[in-house]
Amino acid sequence: MEFINTNLPYILAGISVGGQYALISIGYTMVYGILRLINFAHGDIFMVAGFAMVYLSATSPLYISIPFTIIITVLLGFVVERVAYKPLRSAPRMSIMISAIGVSYFLQNCAWYVTSGLAKQYPKIPWIGDSISIGSATTKIVTVITPILTFILVIALVLLIKYTKIGMAMRAMAKDFETSQLMGVKINSVISFTFIIGSFLAAIGSLLYFTNYTTVTPIAGAMPGLKAFVAAVFGGIGSIPGAVIGAFIIGICENIIKGLGWTTFSDAFTFALLIIILVAKPTGLFGEKSTDKV
Amino acid sequence: MSEKNRSLNGVITPQRKNEFFKSVLGFIRKNWVGFALIAAMFAVIFILEQILPSSSMLFVVLKKGAIYALVAVSMNLLNGFTGLFSLGQAGFMLIGSYTYAIFTIPLEARDAVYQYFNGGIIKFTVPVPVALIMAGLAAAIFAYLIGLPVLRLKSDYLAIATLGFAEIIRAVFQWDKLGPVTNGSNLLKRFPSFSSTLYPFFVSGICITIIVLLINSSYGRAFKAIRDDEIAAEAMGINLAKHKQLSFTISSFFAGVGGALLAMYQTTVQAAAFKSSMTYEILLIVVIGGIGSVTGSILSSFLFIASSEWWLRFLDDETYIGSFRVPLLASGFRKVVFSIVIMIVVLFYRQGIMGTKEISVDAILRFFRKLFGKESREEAA
């Protein structure tokens with residue numbers, strides 16, 4: 001009890017950031033599940049969503065800027081897939097990964113160009129940016145909202161994948177890309193749809209994340225992106241509940257480490273966790289075992 | 001057993017002695033153009049240094065290009081020739097540059113550099129060439145230890161794990177408790193650096209030559225076999241674990257030396273600079289040059305550095321023609337143009353500049369012979 005009392009602010013922050021990582025990591029895990037591609041640009045799409053909100057809210061009220069931020073992010077995700085990944089569908093996996101790194105480099109440089117490299121203040125979203133106190137800790141309402149919203153979205157997504165036609169197509173493609181193509185699944189539209197869902201969740205995640213951290217920089221997406229990817233691997237890549245649980249574990253552990261005064265190692269811890277899980281159980285917590293065929 | 005075989009077993013017959021001399025002469029005759037070209041290159045740089053002011057952009061490009069060429073070739077050894085997609089290069093460069101810096105800062109400068117850590121705990125220095133080798137060895141030792149667990153992973157898992165290790169290394173080097181050795185997150189400075197452009201050319205040249213010799217040896221052929229098909233290579237009797245480990249360690253050794261050279265070039269070192277974006281840049285150099293081509297990597301690193309530091313600089317400045325402000329040109333635009341070029345290469349010229357081909361002296365000679373041959377024939381006609 002003593003431990004929880006002193007560390008309550010960190011645990012709360014951990015749960016909140018964990019929820020935000022969870023929203024990003026779903027984008028990674030779904031894309032990897034279908035295309036076997038680490039979408040290195042996903043973290044940067046998340047960053048662009050942050051900047052879109054900054055610029056839109058400067059000129060328009062919130063009820064316009066929030067939907068438009070989400071639309072821009074979704075469009076960006078869609079365009080990135082069509083331009084940078086679709087032409088390489090039959091290329092070796094290494095080429096697609098390099099293309100993803102190229103896109104990430106491109107988006108970061110564009111953001112740098114538009115903002116001249118300056119950190120931008122994120123607009124205050126009323127209500128969710130207000131402070132409340134829970135027990136002994138004071139925090140923003142967004143901290144409480146994040147996990148709730150995350151769970152609602154994840155449940156909606158799981159239902160979508162389980163009970164709709166496009167969800168079935170996604171599952172089929174994750175199982176066997178070529179056979180599902182032969183069975184008449186329109187792979188291009190399913191892949192686009194996957195990217196749209198991923199970007200949509202990343203946009204929501206960025207709204208919540210930057211309300212907490214208040215400034216956006218061109219490299220703001222790199223670290224959360226990598227951490228969300230680690231969460232996806234930790235939970236077993238391709239599995240949505242796995243990614244969410246992994247994200248919460250990483251978010252909470254990272255903040256407790258910060259609370260203990262080891263801030264330097266909070267990022268390193270995430271990667272240490274990644275390496276341990278990769279060596280001990282490469283399929284992650286909930287991943288399916290795949291057999292290599294010669 | 002035939003007569004020929006017996007002579008091969010080490011019995012020096014007059015005939016064999018003759019053959020030996022012939023082969024040496026042949027080697028020199030075959031490669032004299034190459035040797036001459038290298039000598040000429042050094043001479044040209046030397047002369048340029050006498051003529052041009054030392055602040056000329058050309059030297060910046062040549063120095064940095066030579067260093068990046070070494071790092072790019074070392075990454076190519078891993079990614080292009082062994083087929084291990086590793087993204088840990090920045091981490092190994094960091095180890096190299098720190099090792100070099102820590103062991104070469106002069107004793108009298110240590111109190112000023114380690115001002116928060118009572119002058120540090122290392123109270124000796126080593127000569128520069130020794131420190132360069134130590135930089136490589138330190139990176140290689142780390143790589144060996146990291147390789148033990150990580151090299152069992154496949155393709156993209158390996159990429160993300162090595163990326164993770166690079167981040168861990170960066171965090172550890174910034175740790176306060178290690179301050180007496182690494183100076184925490186503060187700068188390391190005042191270590192010896194080079195002033196002549198010949199220096200990085202010389203060191204990188206030697207290192208790249210060693211890598212090329214390795215690639216052309218039986219080890220190199222084993223690496224390529226692993227790249228092309230792991231299962232087939234294993235069936236042919238190649239020890240996968242041993243060769244992957246070897247390639248990883250050697251590549252990291254040269255990345256470490258490259259890191260040390262980079263430290264010398266920058267004259268200061270800070271762990272915060274060795275981000276994953278540095279690895280990405282080197283990877284993109286390798287891709288532009290052609291994955292699996294040493295000369296391609298060298299060529300593209302000079303091109304990359306020249307265009308990012310020099311030729312495309314004008315894109316960053318606001319320009320006026322008369323009173324007309326040229327649109328788009330502003331700070332950062334250079335990088336945007338650059339990344340578009342890179343994306344075009346990645347998407348449409350997947351082979352890069354060279355593909356897996358190499359520029360060789362022979363090919364150049366053949367090209368010219370053809371050219372002149374044709375001309376002389378035309379003259380005759």
Side-chain angles (χ1 to χ4, degrees), chain A residues 32 36-38 40 83-88 91-117 218-219 222-223 226 229-230 232-233 237 262-280 282 292 294, chain B residues 79 83 85 87 146 148-150 152-177 184-185 231-232 275-277 279-281 283-284 286-287 291 316 328 330-340 342-348 350:
Chain A
Y32 191 92
R36 301 276 174 262
L37 155 75
I38 303 176
F40 278 99
V83 173
Y85 305 148
K86 195 177 163 223
L88 299 177
R93 266 162 83 188
M94 206 153 142
S95 303
I96 312 180
M97 198 147 62
I98 290 165
S99 178
I101 289 174
V103 171
S104 154
Y105 191 70
F106 173 71
L107 289 178
Q108 279 183 22
N109 286 336
C110 282
W112 189 272
Y113 171 60
V114 171
T115 62
S116 332
I219 52 163
M223 248 316 144
L226 279 177
F229 177 75
V230 174
V233 175
I237 198 125
W262 294 65
T263 313
T264 333
F265 287 104
S266 71
D267 293 346
F269 162 77
T270 313
F271 292 107
L273 194 70
L274 168 78
I275 287 153
I276 291 167
I277 195 86
L278 281 182
V279 172
D292 268 347
V294 178
Chain B
N79 290 14
F85 197 77
L87 295 175
I146 291 170
L148 288 178
V150 164
R152 286 195 289 163
L153 303 169
K154 290 264 162 69
S155 65
D156 29 14
Y157 285 110
L158 174 69
I160 206 82
T162 44
L163 193 70
F165 261 115
E167 290 292 326
I168 294 174
I169 288 169
R170 196 158 65 91
V172 169
F173 273 75
Q174 286 176 302
W175 189 24
D176 272 353
K177 299 269 162 55
S185 55
I231 296 157
K275 290 204 180 76
S276 48
S277 55
T279 309
Y280 294 164
E281 273 188 5
L283 175 70
L284 293 174
V286 172
V287 171
I291 297 175
D316 266 9
L328 292 174
S331 173
F333 189 58
R334 168 179 58 114
K335 289 243 172 182
V336 174
V337 172
F338 214 65
S339 25
I340 292 172
I342 287 169
M343 281 313 294
I344 291 171
V345 170
V346 169
L347 287 176
F348 302 112
R350 228 175 300 153

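The analysis underlying the following values was restricted to heavy atoms, covering all of them including side chains, and did not include hydrogens, waters or symmetry mates. Naming convention: chains lettered A, B, ... in sequence-line order (proteins, then strands); numbering from 1 in each chain.
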Is it the backbone or the side chain of [X] that comes under 4.5 Å from a heavy atom of chain B, or both, or neither?
X        : value
A/Leu226 : side chain
A/Leu278 : both
A/Ala222 : neither
A/Phe269 : neither
A/Val103 : both

* To do: Evaluate the side chain to side chain contact (heavy atoms under 4.5 Å, CB included) criterion for residues B/Val346 and A/Tyr105: first the C-alpha distance (whole Å), next the side-chain angles of each, then the deciding distance (0.1 Å), finally the verdict.
  => CA-CA 12 Å; B/Val346 169; A/Tyr105 191 70; over 6 Å; no

* Report the C-alpha distance between B/Ile342 and A/Phe106 in whole Å, list the side-chain angles of each, state the deciding distance to 0.1 Å, and finish with yes or no for side chain to side chain contact (heavy atoms under 4.5 Å, CB included). => CA-CA 9 Å; B/Ile342 287 169; A/Phe106 173 71; over 6 Å; no

* Asked: Which word best sums up how the rings of B/Phe333 and A/Tyr113 line up, parallel for under 30°, tilted for 30 to 60°, or perpendicular for over 60°?
  -> tilted

Proximal component of [X], with respect to chain A [non-hydrogen, under 4.5 Å]:
X        : answer
B/Asn79  : both
B/Val287 : side chain
B/Phe165 : both

Return the minimal non-hydrogen interatomic distance between [X] and [Y], and the atom names on each side.
X        : Y        : value
B/Arg152 : A/Val279 : NH2-CG1, 3.2 Å
A/Pro87  : B/Leu347 : CG-CD2, 4.5 Å
A/Met97  : B/Ala159 : CE-CB, 4.1 Å
A/Ala91  : B/Arg350 : CB-NH1, 3.1 Å

Got a second to check how far [X]'s [atom1] is from [Y]'s [atom2], nearest 0.5 Å?
X        : Y        : atom1 : atom2 : answer
B/Lys275 : A/Met223 : NZ    : CE    : 9.5 Å
B/Lys177 : A/Trp262 : NZ    : CH2   : 5.5 Å
A/Trp112 : B/Ser339 : CH2   : OG    : 13.5 Å

* For chain B, find which of A/Ile98, A/Val83, A/Ile38 contributes the most heavy-atom pairs closer than 4.5 angstrom. => A/Ile98

Return all side-chain donor-acceptor pairs below 3.5 angstrom for residues 166-173 of chain B, not counting sequence neighbours, or 'none' if the list is empty.
{"unit_1": "B/Glu167", "atom_1": "OE1", "unit_2": "B/Arg170", "atom_2": "NH2", "d": "2.8"}

* **chain A interface, residue from B/Leu153, B/Leu163, B/Ile340, B/Ile160 that has the most non-hydrogen pairs under 4.5 Å** => B/Ile160

